[in-house]
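What follows is a single structure, written as structure tokens, with notes after it.
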Amino acid sequence: MPLLHSTAAAAAALPRLARLRLPRGLLLRRASSHAHLGQLQQRHHPRLLPAAASLPPPPPEELLPNQATGLVAASQANFMRVIVGSTPPGQDHHSGGDLLCVVRALLKKIRRRVLVGDRVLVGAVDWADRRGMIEDVFERRTEVADPPVANVDRLVLLFSLDQPQPEPATLTRFLVDAESTGIPFVLVFNKVELVDDQTISYWRDRMKSWGYDPLFLSVDQKSGLSALEEMLEGQTTVIVGPSGVGKSSLINALRCCQNISEEDPIHKLVEQNSKWFGEQRVGTVSKKSGKGKHTTRHVSLLPIVGGGFLADTPGFNQPSLMKVTKKGLAETFPEIRKMLAENEPSKCLFNDCVHLGERGCVVKGDWERYPYYLQLLDEIKIRESFQLRTFGTKREGDVRYKTGVMGVKQAEPRLELKKHRRVSRKKINQSILDDIDDELDEDNWFDVKQRSRKR
């Protein structure tokens, strides 16, 4: 009888459950297939972050009224400026504007970084105050570690011929870092007005011997910019280089040449947020050290006509090269690639050859940057050996997945091993006994010592 009573109560409760207004992400339709249900849950369930990270942004008709998708254009402190890309029906007039957003706490817990250049899903949007919260990150095409920027189409490695002068070691590190990303890049030398033609010819021939064809320009005199403008049209470009070479000045010069009309949405965006998207602050070179000063404090994407963006980044003199491996370092040097190509079909005798003069190696050491190659190889070996001792060959991910209601997979942060584990009572009692034994041993030793003195 109790079983019949509970069954009748459950049957009576079904009509009430049917009248409940379920969230859009959990709305079930009888005629929908399991595949459609999975897509619906992945796009709208607030916990399905890893699945959504591998998907492109959803179409506007599938967004909730308080949601939007957009591009992270700037990051400063705990806030991010997002340029709105698509909005739900009825909010089309907000497209092209911007939102000041914070990052959802769950993204930080599972250690998913939100980078400048990411395509993101913004929720809890307040269209009046133009604020929101970044709920998810969509798939990335490319990613640059130094500086941290996502979905980059081209890199511009900017150096100056004087004030400060280019250093071959620093130049090599930037070139190796750019080669390791697999993103197309161009090498540019600025401040040609400060040197003579002989110096320009020297650096042009020297870079060609390295395997590069650089561009030479003068931002101060607005010369040589046309060739660079053609490469940047409609692309997201990151300008990197040491401090003081003129990155912010180059961006200001390229944006001034665009002649943005007042009717263009970009003009309105720049006028409303001059602190984020306006003209970049320019500093001077230190007279004492002859090197540049850090003027740019954060990464920002600056919109230009044609749908492209220019990224102004803080200057740094030592790229980390964290993604360059011992085996992959040789591929980042055009000189080694050329030697290997000229000796085909013959190759090095050993497959794991790192070109240190091993027996049967076809790469010789008679080229200019060979000492820099050896120096970087030693640095990477030390780093990899340290990582092997610290993390080992296997390392668990930072996220674990838990199956919740209706088979929905939820992402949860994986706790660090033995950091949050409670100490067992057996271990606590054993430690107390060990302390007592140590005290008894000390007392016995003291008694023995006193007896020996009396004798």
Side-chain angles (χ1 to χ4, degrees), residues 144-147 155-183 185-192 194-195 198-216 238-247 250 285-296 313-339 354-357 363-386:
V144 180
D146 294 325
L155 295 174
V156 174
L157 271 64
L158 185 63
F159 282 78
S160 60
L161 295 177
D162 197 10
Q163 298 182 10
Q165 296 181 354
E167 299 178 358
T170 303
L171 184 57
T172 297
R173 291 187 70 95
F174 274 94
L175 290 171
V176 168
D177 189 51
E179 292 271 7
S180 64
T181 61
I183 302 173
F185 69 93
V186 58
L187 178 61
V188 180
F189 285 98
N190 186 23
K191 302 182 182 181
V192 296
L194 301 179
V195 298
Q198 185 178 359
T199 303
I200 298 175
S201 179
Y202 166 77
W203 280 105
R204 179 181 285 110
D205 297 339
R206 189 175 184 180
M207 291 301 102
K208 286 185 178 180
S209 67
W210 289 12
Y212 301 101
D213 188 13
L215 295 178
F216 294 87
V238 176
I239 302 179
V240 297
S243 300
V245 297
K247 297 187 297 297
L250 176 60
V285 177
S286 174
K287 295 181 180 180
K288 183 177 180 180
S289 63
K291 297 183 179 180
K293 301 177 183 178
H294 296 293
T295 304
T296 304
T313 62
F316 51 94
N317 296 324
Q318 294 293 328
S320 62
L321 305 181
M322 292 300 296
K323 291 190 176 182
V324 184
T325 61
K326 179 178 63 176
K327 295 182 179 180
L329 178 63
E331 293 296 326
T332 62
F333 283 84
E335 300 95 326
I336 297 181
R337 297 200 301 262
K338 182 179 178 181
M339 294 180 193
V354 292
H355 314 300
L356 291 176
V363 177
K364 307 302 179 183
D366 55 350
W367 43 291
E368 179 186 357
R369 292 201 296 168
Y370 188 63
Y372 300 135
Y373 169 76
L374 298 179
Q375 181 180 355
L376 294 177
L377 185 61
D378 291 339
E379 177 185 332
I380 294 173
K381 283 182 177 179
I382 295 174
R383 188 199 70 207
E384 289 184 348
S385 62
F386 174 77

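Basis for what follows: all heavy atoms, side chains included, without hydrogens, waters or symmetry-related copies. Numbers here are sequence positions counted from 1. Model, not experiment: these values are computed from the prediction.
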Checklist entry - For the side chain of Lys247 and the backbone of Gly241, is there at least one donor-acceptor N/O pair under 3.5 Å apart? => result yes
Checklist entry - Do Tyr370 and Leu374 have side chains that get closer than 4.5 Å, going by heavy atoms? => result yes
Item to check | Distance (rounded to the nearest 0.5 Å) between Ile380 CD1 and Ser385 OG | outcome: 12.0 Å
Checklist entry - So which heavy atom on Pro214 is nearest to which on Phe216, and how close? => result CG-CE1, 3.8 Å
Item to check | Main-chain N/O of Glu384 paired with Lys326 side-chain donor or acceptor, under 3.5 Å | outcome: no
Next on the checklist: Counting only heavy atoms not in Lys338 (residues, nucleotides, ligands), do more than 12 fall under 6.0 Å from its NZ?
Outcome noted: no
Next on the checklist: Is there a side-chain contact between Leu171 and Trp210 in this structure, where contact means two heavy atoms from C-beta onward sitting under 4.5 Å apart?
Outcome noted: yes
Item to check | Counterpart residues, salt bridge (charged side-chain N to carboxylate O under 4.0 Å, His left out), relative to Arg337 (two or more places apart) | outcome: Glu179
Item to check | Shortest non-hydrogen contact from Arg369 toward Pro334 | outcome: NH2-CD, 3.5 Å
Checklist entry - Looking only at heavy atoms, what is the nearest atom pair of Thr332 and Tyr212, with distance? => result O-OH, 4.0 Å
Checklist entry - Leu329 pairs by side chain to side chain contact (heavy atoms under 4.5 Å, CB included) with which of Leu377, Ile336, Leu321? => result Leu377
Checklist entry - Can you tell me how far CG of Asp177 sits from CG of Leu376, rounded to the nearest 0.5 angstrom? => result 10.5 Å
Next on the checklist: Assess the residue pair Tyr373 and Thr172 against the criterion (side-chain contact (heavy atoms from CB on, under 4.5 Å)); give the C-alpha distance rounded to whole Å, side-chain angles, the decisive distance to 0.1 Å, and a yes or no.
Outcome noted: CA-CA 9 Å; Tyr373 169 76; Thr172 297; over 6 Å; no
Item to check | Polar contact flag, side-chain donor to acceptor under 3.5 angstrom, Tyr202-Arg206 | outcome: yes
Next on the checklist: So Pro166 and Thr170, do their side chains get closer than 4.5 Å, heavy atoms only?
Outcome noted: no
Item to check | Verdict with reasoning, Ser209 to Asp205, per side-chain contact (heavy atoms from CB on, under 4.5 Å) | outcome: CA-CA 6 Å; Ser209 67; Asp205 297 339; over 6 Å; no
Checklist entry - Does the side-chain contact (heavy atoms from CB on, under 4.5 Å) test come out yes or no for Asn190 and Val245, once each step is laid out? => result CA-CA 7 Å; Asn190 186 23; Val245 297; 5.8 Å; no
Checklist entry - Where does the angle between the aromatic ring planes of Phe189 and Phe159 fall among parallel (under 30°), tilted (30 to 60°) and perpendicular (over 60°)? => result tilted
Checklist entry - If you measure from CG on Leu161 to OG1 on Thr199, what distance do you get to the nearest 0.5 Å? => result 7.5 Å
Checklist entry - Looking only at heavy atoms, what is the nearest atom pair of Ser243 and Pro164, with distance? => result O-CG, 4.0 Å
Checklist entry - For Asp162, which residues count as a side-chain contact (heavy atoms from CB on, under 4.5 Å) partner, sequence neighbours excluded? => result Gln165, Leu194, Val195
Next on the checklist: I need the minimum non-hydrogen distance between Glu379 and Arg173, along with the two atoms involved.
Outcome noted: OE1-NH1, 2.9 Å
Checklist entry - Can you name the nearest heavy-atom pair linking Gly244 to Lys191, along with the distance? => result O-NZ, 2.9 Å
